[in-house]
Structures are given as structure tokens and as C-alpha cells.
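Reckoned from all heavy atoms, side chains included, excluding hydrogens, waters and symmetry mates. For ligands, and for the atoms within them, numbers begin at 1 and follow the listed sequence.
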Amino acid sequence: MVRLNVNIDHVATLRQARQAQEPDPVAAALLCELAGADGITVHIRADRRHIQERDLEMLRRTLKTRLNVEMATEQDTIRLVMSIAPDQVTFVPERPDELTTEGGLDVMTHRDTLKNNIALFKEREVHVSLFVDPNLDQVKAAHMVGAQAVEINTGRYCESPPGPERERQLQEIVNSIKLAGKLGMGCHAGHGLDYRNLLPVAALAEIEEFNIGHAIIARAALVGMERAVREMIDAIRRARR
Ligand code: PXP
């Protein structure tokens with residue numbers, strides 16, 4: 001069964017815009033669970049611009065589904081996330097001035113750091129995924145450093161206008177997930193997916209987990225969290241049929 005993790009960072013962004021208590025991402029996470037989400041994803045950034053330590057601690061204590069924490073290989077953050085022991089961590093690249101994660105990891109360049117950190121989390125029975133572009137060399141490198149899963153960056157596919165370029169990007173995703181499967185790794189996908197562009201990607205049976213934030217939270221602001229999450233679950237299920 002394919003899983004939907006809702007990324008709730010934007011809820012924390014709204015709270016931090018006023019340095020206030022609300023909206024509480026923990027409350028949002030519980031609504032996502034009630035609507036049928038299989039898990040919650042948060043990105044704890046080194047600059048703590050949205051998700052805070054308190055959020056991680058409370059999510060760990062209250063979630064009934066799975067907690068997936070995205071982070072860079074920054075020592076303080078790693079120590080914190082290790083103490084939380086989420087169900088899964090996803091390593092992502094991070095640049096201080098970016099609006100959102102801009103691309104996948106260059107696994108080969110950071111292989112030693114990644115290998116050491118992956119081993120530390122695996123020892124604690126935390127499942128480890130690497131966010132990579134749809135590129136065969138990156139998938140092979142992710143396998144080499146010991147990752148149990150790859151999250152394929154769908155950003156470029158989503159940004160391409162419908163037509164040959166989007167088809168080419170979709171084919172890159174297909175090639176990457178097939179290789180990940182052959183290497184015995186789990187296959188996740190995310191970034192830029194919305195209720196429409198998701199359909200051809202969600203039809204790919206090899207993908208076992210989606211991490212989706214912006215589209216769901218943007219719709220939730222207008223129609224409510226429960227409806228926004230349910231509609232995304234329905235879209236994924238329709239694509240799978
Ligand atoms: N996956 C990763 C690794 C991400 O960094 C993000 C954005 O935080 C997402 C998925 C979700 O992307 P979006 O908000 O565009 O759905």
C-alpha cells in the first residue's frame with residue numbers, strides 16, 4: 001500500500017511569522033492523521049525557521065502514525081534528531097538562503113559524512129532515506145552509503161510545462177525508481193507535487209511513499225485540513241487504479 005506523509009512545515013512557518021503559539025503544527029499533524037495520512041514529515045532546518053525542537057518532541061509523543069524528519073548533516077541537528085528517534089530520517093541538502101530544498105543530495109561528494117550518519121541512525125533502528133535527483137549515479141551512490149530508501153526529487157518534473165520535457169523528466173523518475181527497486185531500496189517521492197501533476201507519478205507502482213507539503217497546506221487554508229488531506233489520498237488511489 002502506498003503511503004502519504006503530509007509535510008506540515010508551512011503551518012510552523014505561519015506561526016513563526018508572528019513568533020506566536022498558533023497555528024500549532026502538532027494540532028495540524030493530528031488532523032492529518034484523523035483524515036487518513038500515513039505519516040507526518042517535518043524539516044528541521046539549521047536556522048529553525050519553521051519547525052522547532054518543541055515540535056519534534058511533541059510530535060514524537062503524540063503521533064500515532066509515522067514521523068519522518070528531514071534534515072541536513074549538521075551536527076547539532078543530528079544530535080537533536082537522534083535523541084527524538086523518529087521512525088524515519090531523510091537527509092536533504094540545505095542552503096541558508098533557499099526558499100525550499102532546491103535539489104537532491106550530491107551523495108558522492110558527501111559520501112563519508114552520509115555513510116557515518118546513516119550507520120548511526122540505522123543502529124538506533126531509524127529508517128534512513130536520502131533525497132536525490134532522478135539520476136542513476138545518485139541512486140547507486142545512495143545504495144553504496146547504506147541508505148535504505150531514496151526519495152526521488154520530483155521538483156524538476158513538476159516545474160516542467162506539460163509536454164516532451166515533462167515526459168522526459170517522468171522517464172528519469174521511472175528509471176531511477178526501477179534501479180532503486182533492483183538494488184533493494186525503498187522508493188519515495190516528493191517536491192512540488194500537487195493534486196494534478198501527481199497523477200502520472202502516483203501511477204508508478206514502485207513508489208511506496210509520497211511526501212507532500214505545499215499543495216496540501218495551501219488547499220487546507222481554503223477548505224480545511226481534513227478535506228485537503230482526503231482529496232490527496234483520493235488522488236493517489238485514483239492514479240493507482
Ligand atoms: N520532500 C523533501 C525532501 C522536501 O524538502 C520537501 C519540501 O520541504 C518536500 C518533499 C515537500 O515538497 P512540497 O512542499 O513542494 O510538497
**Prompt:** For the side chain to side chain contact (heavy atoms under 4.5 Å, CB included) test, which of I207, V139, V201, D133 pairs with I152?
**Reply:**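 With I152 as partner, side chain to side chain contact (heavy atoms under 4.5 Å, CB included) holds for just one option, V139.
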Ligand-residue contact atoms, ligand 1 with [X], heavy atoms, under 4.0 Å:
| X | value |
| --- | --- |
| N7 | 8 (O) |
| E151 | 1 (N), 2 (C), 3 (C), 10 (C) |
| H214 | 13 (P), 14 (O), 16 (O) |
| V92 | 3 (C) |

Counting non-hydrogen protein atoms only, what is the nearest one to [atom]? Give residue, atom name and distance.
| atom | result |
| --- | --- |
| atom 15 (O) of ligand 1 | G192 N, 2.8 Å |
| atom 12 (O) of ligand 1 | H191 CA, 3.5 Å |
| atom 11 (C) of ligand 1 | N211 O, 3.8 Å |
| atom 5 (O) of ligand 1 | T101 OG1, 2.8 Å |
| atom 16 (O) of ligand 1 | G213 N, 2.8 Å |
| atom 2 (C) of ligand 1 | E70 OE2, 3.1 Å |

**Request:** May I ask you to check whether T73 and N117 show a side-chain donor-acceptor distance below 3.5 Å?
**Result:**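 On atom types as modelled, these side chains do not qualify, holding no pair under 3.5 Å.
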**Message:** Any atom of ligand 1 sitting under 4.0 Å from a heavy atom of T90?
**Reply:**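 No; T90 lies far enough from ligand 1 that no heavy-atom distance drops under 4.0 Å.
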Taking the side chain as everything from C-beta on, heavy atoms only, tell me whether [X] gets closer than 4.5 Å to [Y].
| X | Y | value |
| --- | --- | --- |
| Q88 | E209 | yes |
| I84 | E57 | yes |
| Q171 | R168 | no |

**Request:** Tell me whether the guanidinium CZ or amine NZ of R3 lies under 6.0 angstrom from the six-membered ring centre of F210 and within 45° of its axis.
**Result:**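 So R3 doesn't make the cation-pi contact.
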**Message:** Does anything in residues 17-40 form a salt bridge (charged side-chain N to carboxylate O under 4.0 Å, His left out)? List the pairs, not counting sequence neighbours.
**Reply:**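 Non-adjacent pairs meeting salt bridge (charged side-chain N to carboxylate O under 4.0 Å, His left out): D24-R54.
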**Asked** Salt bridge or not for D55 and R15, using N-O below 4.0 Å?
**Response**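 So D55 pairs with R15 through a salt bridge.
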